[in-house]
Undergrad: 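Here you go, one structure.
Both counts, for ligands and for their atoms, begin at 1 and track the order of listing.
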Amino acid sequence: MTRDPKTYRSAKWFADPGKLGHTSRERIHQIGASREDFMGKPVIGILSTWSEMNPCHIHFRERAEDVKRGVWQAGGFPVEIPVLSLGEPFMKPTTMIYRDLMSAEVEEVLVCHPLDGAVLMGGCDKTPAAMLMGALSASIPSVFLPSGPMLSGEWRGTRLGSGTDLNKAHDALKRGEIGAQALVDMETGGARSAGHCMTMGTASTMCSIAEAMGMCPAGSSSIPAPDSRHRAMAAQVGRIAVDLVRRDVRPEMILGADAFHNAIVTLMALGGSTNAVIHLMAMADRAGVPLELEDFGRLSETVPVLADIRPSGEYLMEDFHRAGGVPALLDRIRDHLRLAAPTVTGRSLGEEIAAAECFDDRVIRPRDEPVIDNGGLVVLRGNLAPGGAVLKRSAATPALLKNRGKAICFNSRADVNARIDDPSFELDETTVLVLKYAGPKGVGLPEWGMLPLPKRLAERGVKDLVRLSDARMSGTHYGTVVLHITPEAADGGPLALVEDGDWITLDADAGTLTLEVSDEELARRRAAWTPPHFEDKRGWAAFYRREARSASDGAGVEFLAGSDRRKDPLM
Ligand code: FES
């Protein structure tokens, strides 16, 4: 049923008979609009995260024009609004601190302006979650526009995958396999177009998940950013935004329990980023959908990893798109999905993927030839992680999935950099590297979990060690890396009490992480422990540290948590 335009939010501003209406119309004329452009039309806010400090979104100025084309075609009135952009390569110590700041801005921008609907332009790591969280809280009809992956990297005749190959090259430098000039040469070919990282990092994972959750059209999230089809898709998204307003379909009506189930199934089949666990927990909280870490562990047990994409596999996002993208992947795991889930197009997820086909079985594997049978992502518990921890099994070394080794502990990234090659360390292939105080209440949950290997071991050809922390890891990283240990060290979790030489056992099949220290000894250490002191008391980062929830609850700030929806300011 189509709504009467008098019921649009924007009508409270533009159709008001008094001074508010006069001012609103006068000031929208100021941007060059005429009455025919906006009166009685759905007003669509195009929330753009364009920024020259976010090269993944450098095409968004142009794409916003394509969205406008679609909005005009459908009879809407488009207005472009910049919002905070979180450019992963440059923001330090981590964009994670700012995810909720961006979500708050999205929420406020949507609520305080005369907008009826929105197009949310995102892609680079934290931006999809921040956009969707803000739109959920604002409860305004919204569609997500995925930025699209960048083109495959190129270097000396080989294809480079974002992040993954950079780390491998730096490890090869340590082993003396390549020289320093090779790294300089790599720099120009690693990111050669607009678009987000083209490995199955956090951006590719979250954009694919947004598609599987029904927040953007089928097949949209893997279109490479410079591809002409990306422009056409942007116009389609503009038309969808207008339609959503006319049908009054709000984000919470799409992002229900079925959408989160489908998101987790998709995450597993992708061999996707561990960061998606944190973002989905935070999004579910905003949506009012109950979600537990164990939901990830449970679905991981049954869903195979089928996407053969780096860092878990071989291929890149251009290959994934050519092979059929998310619809082809979902088609292969239909039996795990809730196909009646709604999408922004008005069709169900099942209808959206009805014509899906896979065009390359090497990239999207058949069910009888998976990358991994199941358990691509493991949830761990134990006396070292009573609140849970996460391990990406699909990117780990199989031989290390059951490992007993002695701990070497670090209290900060600076400590790692200063001491990782300390010649006094007793090292072998079972050594467990431990990083503390990198959780939300520590330094804000940076992607420091893939600790560097000690040079002495790297020179002996060791390519992986078990590494533990309360940090995150980039979706482009790899290795036997246990992440998001909760409670975190800065909150007094057992991680804070680990000492050099303690025995630690990881058993991924059993889902356990055990610190082999007696309860009496841990109690003695706890009595002597003092929480870390942070000098900096001002700024958003300090506020985030004070307000942050645990990683297993989504690592959002407390005052934005919950599924209550914003009231209209003119009600
Ligand atoms: Fe933007 Fe990787 S740096 S997605």
Undergrad: If you count the atoms of ligand 1 from 1 in the order shown, which ones are under 4.0 Å from a heavy atom of His196?
TA: 4 (S)

Undergrad: Determine, using ring centers only, whether Tyr437 and Phe410 are less than 6.0 Å apart.
TA: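 They do not qualify: ring centres at least 6.0 Å apart.
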
Undergrad: Could you list which atoms of ligand 1 come closer than 4.0 Å to a heavy atom of Cys124?
TA: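 This gives 1 (Fe), 3 (S), 4 (S) as the contact atoms.
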
Undergrad: Does the distance from a Lys or Arg side-chain N to an Asp or Glu carboxylate O, for Arg250 and Glu252, drop under 4.0 Å?
TA: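 Between Glu252 and Arg250 there is no salt bridge, as every charged N stays at least 4.0 Å from the carboxylate O atoms.
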
Undergrad: Do any heavy atoms of Pro89 fall under 4.0 Å from ligand 1?
TA: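 Contact present.
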
Undergrad: Please confirm whether Arg545 makes a cation-pi placement over Phe534, using NZ or CZ under 6.0 Å from the six-membered ring centre and within 45° of the ring normal.
TA: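 Cation-pi check for Arg545 and Phe534: passes.
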
Undergrad: Is any NZ, NE, NH1 or NH2 atom of the basic residue among Arg332 and Asp361 found under 4.0 Å from an Asp or Glu carboxylate oxygen of the other?
TA: yes

Undergrad: Can you tell me how the ring of His230 sits relative to the ring of His59, calling it parallel under 30°, perpendicular over 60° and tilted otherwise?
TA: tilted

Undergrad: Which of the numbered atoms in ligand 1 are under 4.0 angstrom from any heavy atom belonging to Glu88?
TA: 3 (S)

Undergrad: Report whether any nitrogen, oxygen or sulfur of Cys56 sits less than 2.8 Å from atom 1 (Fe) of ligand 1 (N, O or S, backbone or side chain).
TA: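 So Cys56 counts as coordinating atom 1 (Fe) of ligand 1, yes.
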
Undergrad: Would you indicate whether the side-chain heavy atoms of Thr199 and Asp165 approach each other to under 4.5 Å?
TA: no

Undergrad: Output the list of atoms in ligand 1 that are nearer than 4.0 Å to some heavy atom of Ala203, sorted by atom number.
TA: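 Listed by number with element: 4 (S).
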
Undergrad: What part of Cys197 sits under 4.0 Å from ligand 1 if we count only heavy atoms: the side chain, the backbone, both or neither?
TA: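 Both parts.
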
